[in-house]
> 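First the structure, then my questions, so here it is.
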Amino acid sequence: MQIAILGAGSWGTALACLLSQIGHDIVLWSKKSMVVNEINSYHTNTKYCSNKIIPVCIKATNDIEDVKNSDIVFFVVPTSAIKSMAHLILTAGCINPTTILVSCSKGIDAECLELPFSTLECYFPSNPIAVLSGPNFASEIMDGKPAAANIASYNISIAKIISDAMNHNSFSAYPVNDPIAVQVAGIVKNIVAISCGLAMGWNMGENARAIAFSMGLAEMSSLCETMGGDKNNLLGLAGIGDLFLTCASTNSRNNKLGVSIAQGVKINSNTLVEGALSTAGLRILAIKLGLHMPLCNFVSGVVSGNVLACSKQYSSVLLCRHSETV
């Protein structure tokens, strides 16, 4: 297959390496000329992938025309960049009606409250669309360590095509037909991971982290059902699997962010940490839907600076007695 990957960060580069090992022809697009030149000249991407070696067969480019004639296009850009990326390839005429589009972004558009799947549907109403999500650290995939994810589409046959294209001796993609559940999980799990990092940074103990994990899963389930997803699909890799990894691992960027906030570090306004970028949009969405999401709302307030970041305040949130949240 001819596969294009839009975004040469750590995850986009890891996917490129995985898919090239399977035997696909890979075009890895980045808007950054320095990244493109380094990949093509030295077969490394030190800014995002440390000292990992990238297969020689991967072609990096910043020319969107090189995406043409791809069988599958993976969007591996921040959620805030999905619209501009979709507009770019649409106006360039790079996509034909049979091209399968896969969102790998975990977040929500803070302005229009759209999920990435819906954004792609608006720009490409005739194309098959899917979502890839799971408990995956890019560095481990590049090292060939075991990993798995869910690939979700309303058309399960499309999900199976992508799954077959991705399955490898170190990676499995499991098809599901619930893009809503998979995307909701991807949004909420990052915010819950920040909350677990707060508990770690304030030295509140493992019990507090367990409460945050449980509350986060309950809030995730509530949002999933309200948006039309099946909460049972949260029991898979993209749901509780990714929630566990992001909350439990000290390698998680979202977890690290929570620890840093608890230690008094100010958030960089240019941060690309997915959880921080999603908090405002999720809070507005919860209000719009009439949902009670105290944990996610607290994290949103802390990230924005509108809520005092202290362990006493956080403890009161964790111990709020609302039966629907625990």
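All figures in this text were calculated on a predicted structure; none of them were measured in a lab.
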> Hey, are the side chains of Val102 and Ile100 touching, using non-hydrogen atoms and a 4.5 Å cut-off?
yes
> Determine whether Leu132 and Ile162 make a side-chain contact, defined as any pair of heavy atoms from C-beta on separated by less than 4.5 Å.
no
> Hey, what do you get for CZ (Phe124) to OG1 (Thr119), rounding to the nearest 0.5 Å?
11.0 Å
> Verify side chain to side chain donor-acceptor pair (under 3.5 Å) between Asn62 and Ser33, making sure each step is shown before the conclusion.
CA-CA 7 Å; Asn62 56 10; Ser33 297; 2.9 Å; yes
> Using the side chain to side chain contact (heavy atoms under 4.5 Å, CB included) criterion, which residues pair with Ala185? Sequence neighbours excluded.
Met220, Leu234
> Could you pull out every donor-acceptor pair under 3.5 Å between side chains of residues 299-308 and any protein atom, sequence neighbours left out?
| from | atom 1 | to | atom 2 | distance (Å) |
| --- | --- | --- | --- | --- |
| Ser300 | OG | Thr279 | O | 3.4 |
| Ser304 | OG | Ser300 | O | 3.1 |
| Ser304 | OG | Gly301 | O | 3.1 |
| Ser304 | OG | Asn306 | N | 3.4 |
| Ser304 | OG | Asn306 | ND2 | 3.0 |

> Say whether Glu274 and Thr79, considering side chains only, have a donor N or O and an acceptor N or O under 3.5 Å apart.
no
> Who are the side chain to side chain contact (heavy atoms under 4.5 Å, CB included) partners of Lys31, not counting sequence neighbours?
Trp29
> If you look only at distance, which donor and acceptor atoms sit under 3.5 Å apart when one is on a side chain in residues 18-26 and the other is two or more places apart or in another chain?
| from | atom 1 | to | atom 2 | distance (Å) |
| --- | --- | --- | --- | --- |
| Ser20 | OG | Ala16 | O | 3.2 |
| Ser20 | OG | Cys17 | O | 2.8 |
| His24 | ND1 | Met1 | N | 3.4 |
| His24 | NE2 | Ala165 | O | 2.7 |

> Would you say Ile261 and Tyr314 are hydrophobically clustered, going by side-chain heavy atoms of ILVMFWY under 4.5 Å?
yes
> Quick one: CD1 on Ile161 to CE on Met166, what's the gap to the nearest 0.5 Å?
14.0 Å
> Are Ile180 and Leu101 co-members of a hydrophobic cluster defined by side-chain heavy atoms under 4.5 Å apart?
yes
> Residues two or more places apart in sequence or in another chain: which of them pass salt bridge (Lys or Arg N to Asp or Glu O under 4.0 Å) with Lys256?
none
> Tell me, which pairs form a ring-ring contact (aromatic ring centres under 6.0 Å, His included) where one or both residues lie in residues 133-172, sequence neighbours left out?
Phe117-Tyr154
> Check for me, please, whether Leu319 and Met293 land in the same ILVMFWY cluster - side-chain distances under 4.5 Å, paths through other members count.
yes
> May I have the list of side-chain donor-acceptor pairs in residues 239-251 shorter than 3.5 Å, sequence neighbours left out?
| from | atom 1 | to | atom 2 | distance (Å) |
| --- | --- | --- | --- | --- |
| Asp242 | OD1 | Thr246 | OG1 | 3.4 |
| Asp242 | OD2 | Lys106 | NZ | 2.7 |
| Thr246 | OG1 | Lys189 | NZ | 3.1 |
| Thr246 | OG1 | Asp242 | O | 2.7 |
| Ser249 | OG | Asn251 | N | 3.0 |

> Are Ser133 and Gln183 linked by a side-chain donor-acceptor pair shorter than 3.5 Å?
no
> Salt bridge (Lys or Arg N to Asp or Glu O under 4.0 Å) with Asp143: which residues, sequence neighbours excluded?
Lys52
> Rounded to the nearest 0.5 Å, what's the gap from CG on Leu289 to CG on Leu113? Could you check?
8.5 Å
> If two hydrophobic side chains count as joined below 4.5 Å and joins carry through other members, does Ile194 share a cluster with Trp202?
yes
> For the atom pair CD1 (Ile82) and CD1 (Ile108), what is the distance rounded to the nearest 0.5 Å?
13.0 Å
> By side chain to side chain contact (heavy atoms under 4.5 Å, CB included), which residues pair with Val27, not counting sequence neighbours?
Gln2, Thr61, Asp66
> Please determine, by modelled atom types, if Asn45 and Thr13 share a side-chain donor-acceptor pair under 3.5 angstrom.
yes
> Does any non-hydrogen side-chain atom of Leu318 lie less than 4.5 Å from one of Phe298?
no
> Under the rule for side chain to side chain contact (heavy atoms under 4.5 Å, CB included), what residues qualify as partners of Glu206, not counting sequence neighbours?
Arg209
> Can you list the residues that meet the salt bridge (Lys or Arg N to Asp or Glu O under 4.0 Å) rule with Lys231, with sequence neighbours excluded?
none
> Using side-chain heavy atoms (C-beta onward) and a distance below 4.5 Å, is Glu114 in contact with Cys122?
yes
> Might you confirm whether atom CG of Asn69 has over 12 heavy atoms from other residues, nucleotides or ligands at distances under 6.0 Å?
no
> For residues Val36 and Lys32, determine if any side-chain heavy atom of one lies less than 4.5 Å from a side-chain heavy atom of the other.
no
> Kindly give the cluster partners of Tyr174, where membership spreads through any ILVMFWY side chain lying under 4.5 Å from a current member.
Leu237
> Is it true that the side chains of Asn155 and Ser157 contain a donor and an acceptor less than 3.5 Å apart?
yes
